[in-house]
2 protein chains.
Amino acid sequence: MAKSRASIRDVARESGVSLTTVSLILNKNDQRISDPTRQRVLQAMERLAYTPSRLARGLPNRRANTLAVLVPALQNAFADVYFGEIISGIYEAAATRGYRILLEVARREYVRRKEYITLLDDCSVDGIFFIGATAEHRWLKDLDGSDRPVMIVNNHFKQWALNWVACDYPQAGRLAADRLVDLGHRRIGHICGPSDLVETSRELTEAFVGRLAERGVRLGSSMIVEGKFLVDIGKLACDELLARDPGLTAIFASNDKMAIGAYQSLRAHGRQPGVDVAVIGCDDIPNAALTEPPLSTIRLNFFEVGATSCRALLDMIEGKIDADSKPYHERTPVSMVTRGSCCEAASIVSA
Amino acid sequence: MAKSRASIRDVARESGVSLTTVSLILNKNDQRISDPTRQRVLQAMERLAYTPSRLARGLPNRRANTLAVLVPALQNAFADVYFGEIISGIYEAAATRGYRILLEVARREYVRRKEYITLLDDCSVDGIFFIGATAEHRWLKDLDGSDRPVMIVNNHFKQWALNWVACDYPQAGRLAADRLVDLGHRRIGHICGPSDLVETSRELTEAFVGRLAERGVRLGSSMIVEGKFLVDIGKLACDELLARDPGLTAIFASNDKMAIGAYQSLRAHGRQPGVDVAVIGCDDIPNAALTEPPLSTIRLNFFEVGATSCRALLDMIEGKIDADSKPYHERTPVSMVTRGSCCEAASIVSA
DNA sequence: GATCGCTGGTAAACTGTTTTACTAAAACGG
DNA sequence: CCGTTTTAGTAAAACAGTTTACCAGCGATC
């Protein structure tokens, strides 16, 4: 038994054909080989337990058949539902098209050395996803307008021309506004995300306020409080809103965690969420269905965002989309999930 | 400007040396090149913005400088603190030694096609980690006794000879037993994990019961209830224990989630955890410090398990450990974290 | 003064694949 | 029967590195 694995040459020798023939058979697209020959070669492969080397395969056309996912260097980035779902979606789409996923963390050193550029330049990877990117990540400007196959997942930036795929946050804002107005709410509070860093968060708020206005409900800026997507912050924000308008009948939070924080605040103020005050969240995290009352929310399909952005990036890489033209933009659909927490305004006895 | 990137040949030409010389300089270990030459070459690299291709580099010696992490196809494997911490540890250790991390999910098709073998055979990867592996994953026997660079993280198997690194669960069991006995507890319940699937879980229980026995406390099998590591299950298990011995004064759960479940059960039975019944968990998940009362627990450093297993695997790959000999085994240290939930037995007024 | 060993470097073979350009033989059309 | 396609296949040049074996020049040794 030979120490080293069989190569394409061994297969060629074993089946008495040229190595070109074997290669052609390997890349099934080419139909120039007769069936008998093909069979002979396939059998030889079988006998020799031949597996083509990815490394060698990538060399001639500089393709690694691998994509990288770059996540920010947060405490437990890998242990977060949000990132987890996006990565799962990317993985799924990549796997079905024969690509692998490389994991990279944007540590300080990593960014300083511009490793995300090296990654592409040294042929380790055919494209990169950036997840959890915010306007704070100034170094993204390195990629501004470049034709490198790079995709921002679930955010975008006015200042840099980059490809992105994100949930349809404007639509999410409109859905929440419509629902609250339909239920008769007029005195509404909104807990928004950090609009200066996260463009999608700004969109959401803008669309929400805009649609309310269209339907005749004016939401003053005093009834919009900003928070950084955490439960505790949601609680504080809601405290603030209640202080500003004790008579509010509904709250829309930009993510579920803050909505859950709002629950806590409401209870602390003797209000029952879903009875005294309607609450709508956004994201539909697994926990949303388990709260008491179950949280009505806008479902953002993060898995889908991951999968969609992956398909788009692969299309660019494989030349199915003209990458040289404009940056690629796409929004994935969102939907309203009605659970117990959004009651009618009419039923509320005003304070 | 040339369309394609600079290659090692371009650098050689630019600096007037042979390509061998450039290669030697690239692989810094070789000191045969004089300093002036080295400088000249380095400057040429700089001028040409040269980045060596990983693909081409790996080809001659069949090294991808990449490791794969294989996770089970669970609902949200990537969104779990446990996996997240291990992966972070692996990532850290791999990055400092110049290796990349590939993510793989052990889906049904993936396993059927033995892709984890292909991965190594096609030179995509130099080694593989299996995390979340249990005895249910029968296909692990494919690797039994093989000299492939494969590492089981935080579990092991009697039936298969495989490399593994895991937390020192026996020590964890002894620490918990000692602590409870020291505090005067004699009537103790234990919620264990699925011992038939997870060997480390069996070890933990065995060591816990063994040490109790050594110290004169007999824990009958009726006071050991098995559960699958979830909060709800912990609650049910604790209900069961309370039914079997309403006078128990302490509970040791094999993981923190189940300990938190036990809290719920205790409260439902009018017992206050940390006051009426001592509770010790295991893992030290982030949430453990935030429960009321804060959970005393055995700290298992999952990040460290990941990092340690990675260092070991790399040593094997790089030949620093004789891989042909025995499978590699190592246990990483654990420690007791004392918080509010483990009270003295003496203070408890027996029911 | 021939031999030895060291220093600094090079030529050429090798890794395992893809791809382009070519050819021999068979089939076909008029 | 001759020229043209078509079919089935091949040789050789990439791809971008590593590695082995070798060599010229030089000072030291005997």
Side-chain angles (χ1 to χ4, degrees), chain A residues 2-42 44-45 48-66 98 118 120-124 126 318, chain B residues 2-41 44-45 48-65 98 118 120-124 126 318:
Chain A
K3 180 92 190 165
S4 65
R5 309 168 27 239
S7 84
I8 196 170
R9 282 182 176 79
D10 299 323
V11 176
R13 195 174 319 120
E14 174 85 6
S15 50
V17 300
S18 78
L19 104 189
T20 307
T21 306
V22 181
S23 174
L24 290 175
I25 293 174
L26 233 40
N27 303 279
K28 306 187 178 61
N29 45 11
D30 202 298
Q31 294 305 334
R32 288 195 299 177
I33 307 302
S34 70
D35 236 38
T37 310
R38 184 188 311 278
Q39 287 314 318
R40 211 145 36 88
V41 171
L42 290 176
M45 286 183 183
L48 299 174
Y50 169 68
T51 327
S53 153
R54 278 222 167 197
L55 233 45
R57 275 189 121 166
L59 194 48
N61 41 23
R62 291 173 180 163
R63 293 287 226 64
N65 290 299
T66 304
T118 311
L120 289 167
D121 286 355
D122 78 0
C123 301
S124 288
D126 307 319
E318 293 173 356
Chain B
K3 180 91 190 164
S4 63
R5 309 167 29 238
S7 82
I8 196 170
R9 284 177 173 80
D10 299 322
V11 176
R13 194 175 318 119
E14 174 85 5
S15 50
V17 299
S18 77
L19 104 185
T20 307
T21 307
V22 181
S23 174
L24 290 174
I25 291 175
L26 233 40
N27 303 279
K28 306 187 179 64
N29 46 9
D30 203 299
Q31 294 304 334
R32 289 196 299 180
I33 308 303
S34 71
D35 238 39
T37 310
R38 183 188 313 276
Q39 288 313 318
R40 212 145 36 88
V41 172
M45 286 183 183
L48 298 175
Y50 169 69
T51 327
S53 154
R54 280 222 167 199
L55 234 45
R57 271 190 122 166
L59 192 48
N61 40 24
R62 294 174 178 158
R63 293 288 225 63
N65 290 299
T118 312
L120 289 167
D121 285 357
D122 77 1
C123 301
S124 287
D126 307 319
E318 293 173 357

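Below, chains carry the letters A, B, ... as their sequence lines are ordered, and counting in each starts from 1.
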Asker: Among Val17(B), Ile33(B), Leu24(B), which one satisfies side-chain contact (heavy atoms from CB on, under 4.5 Å) with Val41(B)?
Answerer: Val17(B)

Asker: Generate the contact string for nucleotides 21-26 of chain C. Rules: B means base contact, S means sugar-phosphate contact only, - means no protein heavy atom under 4.0 Å.
Answerer: B-----

Asker: side-chain hydrogen bond (donor to acceptor under 3.5 Å, both in side chains) with Arg57(B): which residues, sequence neighbours excluded?
Answerer: Asn27(B)

Asker: Using atom CZ of Arg54(A) as one end and atom C1' of dT17(C) as the other, report the distance to the nearest whole Å.
Answerer: 13 Å

Asker: Please give, in whole Å, the distance from dG16(C) C1' to Asp122(B) CG?
Answerer: 12 Å

Asker: For dT17(C), does either OP1 or OP2 sit under 4.0 Å from a side-chain N or O belonging to Asn61(A)?
Answerer: no

Asker: Can you tell me how far C1' of dT15(C) sits from CG of Leu59(A), to the nearest Å?
Answerer: 9 Å

Asker: Please determine if a side-chain N or O atom of Thr21(B) lies less than 4.0 Å away from the OP1 or OP2 oxygen of dG9(C).
Answerer: no

Asker: Using a cut-off of 4.0 Å on non-hydrogen atoms, how would the nucleic acid contact of Val17(B) be classed: base, sugar-phosphate, or nothing?
Answerer: sugar-phosphate

Asker: Tell me yes or no: between the side chains of Ser18(A) and Thr21(A), is some donor less than 3.5 Å from an acceptor?
Answerer: yes

Asker: Just checking Ser23(B): base, sugar-phosphate only, or nothing, at a heavy-atom cut-off of under 4.0 Å?
Answerer: base

Asker: Taking OP1 and OP2 of dT15(C), is either one under 4.0 Å from a side-chain nitrogen or oxygen of Ser53(A)?
Answerer: no

Asker: Should Ser18(A) be listed as having a side-chain N or O under 4.0 Å from OP1 or OP2 of dG9(D)?
Answerer: no

Asker: Send over the distance from Ile25(B) CD1 to dT18(D) C1', rounded to a whole Å.
Answerer: 14 Å

Asker: Does a side-chain N or O of Arg9(B) approach OP1 or OP2 of dG17(D) to a distance below 4.0 Å, or not?
Answerer: no

Asker: Testing Val22(B), Ile25(B), Leu26(B) for side-chain contact (heavy atoms from CB on, under 4.5 Å) with Val11(B), which one passes?
Answerer: Val22(B)

Asker: How far apart are the C-alpha atoms of Thr66(A) and Ser124(A), what are their side-chain angles, what is the distance that settles it, and do they pass the side-chain contact (heavy atoms from CB on, under 4.5 Å) test?
Answerer: CA-CA 7 Å; Thr66(A) 304; Ser124(A) 288; over 6 Å; no

Asker: May I ask you to say what Leu55(A) touches in the nucleic acid, namely base, sugar-phosphate or nothing, with a heavy-atom cut-off under 4.0 Å?
Answerer: nothing

Asker: Round to the nearest Å and state the distance from Arg40(A) atom CZ to dA8(D) atom P.
Answerer: 14 Å

